[in-house]
Amino acid sequence: MFKKLNNIGDSAVICDFGEEVNHTVNSNVIKLFYFIEKQSKSKSVVGITNCTPSYNKLLINFDLQKTNSKKILKFINSIDFNGLSLDREIKEWTLPICYDFEIDLNNMSKKLQLDKEEIISIHLKSIFYVYMIGFVPGHPFMGDLDPKLFLNRLKTPRIRVPAGSVGVVEKFCNIYPYESPGGWNIIGRTPTKLFNNKDSSRPCLLSPGDTVKFKKISKKEFNNY
Amino acid sequence: MSNFFFKVLRPGINTTYQDNGRFGLQHFGISAAGCMDRDFFFLANALVRNKIEEGVLEFAYQGPLLELIKGNAKIAITGNVTFNIINLKGETVNGECNRTYNLLVGEKIDILATKESVYGYLAVAGGFVVKNFFNSVSTLVKGKIGPNEGKKISIDDEIIFNKENIISKNLFVNIFPKTVNNIRVIKGPQYDYFSKLSQEEFFSVNYKITTLTDRMGMRLEGPAIENVISTNIRSEGIAKGAIQVPADGQPIILLNDHPTIGGYPKIAYIISADYDLLIRKKPGTTLSFKCIELSEAEKAYKEKQVKISQIINNIREIN
């Protein structure tokens with residue numbers, strides 16, 4: 001199932017599922033991720049400290065005091081990949097979005113030669129898949145966008161993008177959980193909190209493998225949210 | 001509350017609660033954080049006879065000035081740190097690292113500077129009273145996660161700790177922290193992205209540690225490393241100690257609070273046994289890299305563990 005298995009330093013390994021990025025490849029990464037998480041929780045494998053899925057790879061960190069590279073590689077090689085299933089309910093989220101903040105919609109409309117309303121309607125029709133979460137806490141990398149909305153990154157990234165901003169670049173869509181610098185084209189803003197630093201049991205709303213649809217709300221609804 | 005506490009009269013530059021780190025959340029974008037210099041962290045707890053992974057206060061460069069407002073405390077400061085204790089008569093007593101002190105209510109600790117290291121630790125017998133988040137009290141400032149709302153310590157904060165009997169004798173340990181310039185690494189997954197000349201140079205030249213260095217990463221300055229394949233890779237999970245090389249060819253070593261996912265090629269990884277040695281190096285100093293094999297790195301780690309246990313076993317009473 002995976003194409004390569006490499007050591008990363010002396011306390012991690014990475015499973016590489018090949019160069020392509022699509023749902024099938026990513027869902028295999030995520031299946032392996034949930035499987036390892038479960039095995040780790042039930043103590044069938046010891047010493048794994050973190051597991052990080054990305055588009056086409058799974059990084060597995062371990063504690064050198066409890067295990068080593070050889071043992072982890074042996075464990076991964078013993079997994080029956082054909083028998084892996086997504087042992088977890090995939091959540092389908094509908095997140096409110098307000099398109100009335102006007103940060104990039106006008107520019108996008110010019111660059112794409114599409115009316116703003118058309119851009120909004122295409123964006124609302126898309127069902128996004130969460131490939132991975134990361135970079136900063138709670139930040140989802142989602143796809144795939146309708147090719148009609150493909151855009152490059154901004155030439156000069158913004159110093160400040162407001163929290164909740166929904167951005168698009170190429171076939172990907174993301175949501176900025178915090179105010180931060182950013183180079184994505186901002187299409188709208190969601191009032192939903194993606195990350196709750198008070199809730200230790202469930203700090204992050206979305207999980208890798210979930211799907212997200214957007215529901216349009218007005219600025220008034222946004223402010224009252 | 002019947003708890004004892006210090007009041008913060010000066011917070012220092014970068015003072016946070018830390019422990020062993022927070023694991024199992026990297027898939028949500030949360031890096032482990034935790035104490036940067038693990039040897040000195042473990043030693044601080046060992047001296048005050050805490051659990052070895054009890055939360056401590058970590059400081060860098062300039063530490064805090066704390067006044068003990070309620071109760072008495074047994075403390076230990078580890079690292080290579082200059083500090084004073086200001087007693088009830090108003091006298092300033094030079095503090096010594098790697099030993100315990102019994103502080104009385106009204107006394108102050110003034111942690112002036114970390115000398116030949118970057119990070120220092122303050123442990124208190126009985127441990128600090130801080131809120132746990134996902135099995136850890138480590139602070140990840142960038143994500144606002146951990147005790148104190150995920151923030152650095154600030155002026156007038158109360159540093160609360162558990163009541164503990166401090167009548168026991170004071171303890172100390174003699175250690176001679178090594179400073180080395182040669183840090184051992186294992187080749188990274190994109191080692192082949194760099195030109196033959198740059199690969200050779202990487203293991204022969206000195207790199208200077210720049211001031212753009214914090215808990216997230218350490219930026220180095222040296223001959224630009226030439227990438228002959230691609231300066232971007234598909235974003236993938238990052239492990240602590242990764243040496244990534246962005247388009248300008250100047251390496252960045254990712255440290256405890258690293259972003260969880262990144263798209264720069266990685267030329268090498270710092271071995272676990274040398275991570276603390278790297279962390280002790282200050283901006284402005286230089287370092288070089290030595291390439292070793294995985295088996296050697298694992299052996300070096302085991303040897304290092306033995307050394308830490310020996311140091312902890314050598315803790316003695318002060319006569």
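A note on names: the letters A, B, ... follow the listed sequences, proteins ahead of strands, and every chain is numbered from 1. Predicted model, so just to flag it, every value in this text is computed and none were measured.
For the atom pair OG (B/Ser235) and OH (A/Tyr131), the distance works out to 13.0 Å, reported to the nearest 0.5 Å. A distance of 6.5 Å separates OG of A/Ser200 from CG of B/Asn135, quoted to the nearest 0.5 Å. Within the model, atoms OG of A/Ser40 and CZ of B/Phe23 stand 12.5 Å from one another, a figure rounded to the nearest 0.5 Å. Taking CD1 of B/Ile270 as the start and OG of A/Ser11 as the end, the distance is 11.5 Å to the nearest 0.5 Å.
Heavy-atom pairs under 4.5 Å with chain A peak, among B/Ile271, B/Asn132, B/Val185, at B/Ile271. Contact count against chain B (heavy-atom pairs under 4.5 Å) is highest for A/Thr52 among A/Thr52, A/Leu58, A/Asp199, A/Leu206. Among A/Asn61, A/Val21, A/Leu64, A/Ile14, the residue making the largest number of heavy-atom pairs under 4.5 Å with chain B is A/Leu64. Per-residue counts of heavy-atom pairs under 4.5 Å with chain B were compared for A/Asp63, A/Asn6, A/Asn56; the largest is that of A/Asn56. The candidate from A/Glu37, A/His139, A/Met132 with the greatest count of non-hydrogen atom pairs under 4.5 Å with chain B is A/Met132. Contacts with chain B were tallied for A/Phe141, A/Tyr55, A/Phe135, A/Phe33; A/Phe135 has the most, counting heavy-atom pairs under 4.5 Å.
Judged by distance alone, the side chains of B/Glu236 and A/Ser54 never bring a donor and an acceptor atom under 3.5 Å apart.
Enclosure of atom NZ in A/Lys171 by more than 12 non-hydrogen atoms of other residues, nucleotides or ligands within 6.0 angstrom is indicated. More than 12 heavy atoms of other residues, nucleotides or ligands sit less than 6.0 Å from atom CZ of A/Arg158. The number of heavy atoms from other shown groups lying within 6.0 Å of CD (A/Glu179) is above 12. The number of heavy-atom neighbours closer than 6.0 Å to OH of B/Tyr17, taken from other residues, nucleotides and ligands shown, is above 12.
Ion pairing of A/Glu20 with B/Arg234 is absent here, as no side-chain N (NZ or NE/NH1/NH2) approaches a carboxylate O to less than 4.0 Å. A salt bridge is defined here as a Lys NZ or Arg NE, NH1 or NH2 lying under 4.0 Å from an Asp or Glu carboxylate O, and B/Glu298 with A/Lys70 fails to meet this definition.
What you find for B/Thr260 and A/Gly134 is that their closest heavy atoms are OG1-CA, 3.3 Å. Among all heavy-atom pairs drawn from B/Pro189 and A/Ile8, the shortest one is CG-CD1, 3.6 Å. Residues A/Pro203 and B/Leu25 share a closest heavy-atom pair of CG-CD2, 4.4 Å.
Residues A/Ile133 and B/His27 form no side-chain contact, since every pair of their non-hydrogen atoms from C-beta on lies 4.5 Å or further apart. Contact annotation: the side chain of A/Lys198 never approaches that of B/Lys131 to less than 4.5 Å [non-hydrogen atoms, C-beta and beyond]. Here the side chains of A/Pro137 and B/Ile145 are in contact, with some heavy-atom distance below 4.5 Å.
For B/Leu294, the part sitting under 4.5 Å from any heavy atom of chain A is the side chain, from C-beta outward, and nothing else. Of the two parts of A/Ser207, the backbone and the side chain both hold a non-hydrogen atom closer than 4.5 Å to a non-hydrogen atom of chain B. Using a 4.5 Å cut-off between heavy atoms, B/Ile261 contacts chain A through both its backbone and its side chain. Only the side chain of A/Pro208 comes within less than 4.5 Å of a heavy atom of chain B; its backbone N, CA, C and O stay farther away.
With hydrogens and angles ignored, the 3.5 Å screen pairs a side-chain donor or acceptor of A/Asn50 with a backbone N or O of B/Gly24. At distances below 3.5 Å, at least one donor-acceptor pair connects side-chain atoms of A/Asp10 with backbone N or O atoms of B/Ser272. Distance alone, capped at 3.5 Å, is enough to place a donor-acceptor pair between the A/Tyr178 side chain and the B/Gly143 backbone. At least one donor-acceptor pair closer than 3.5 Å links the side chain of A/Asn197 to the backbone N or O of B/Lys144.
In this structure, A/Lys66 is not positioned above the aromatic face of B/Tyr301 in the sense of NZ or CZ being under 6.0 Å from the six-membered ring centre and within 45° of the axis.
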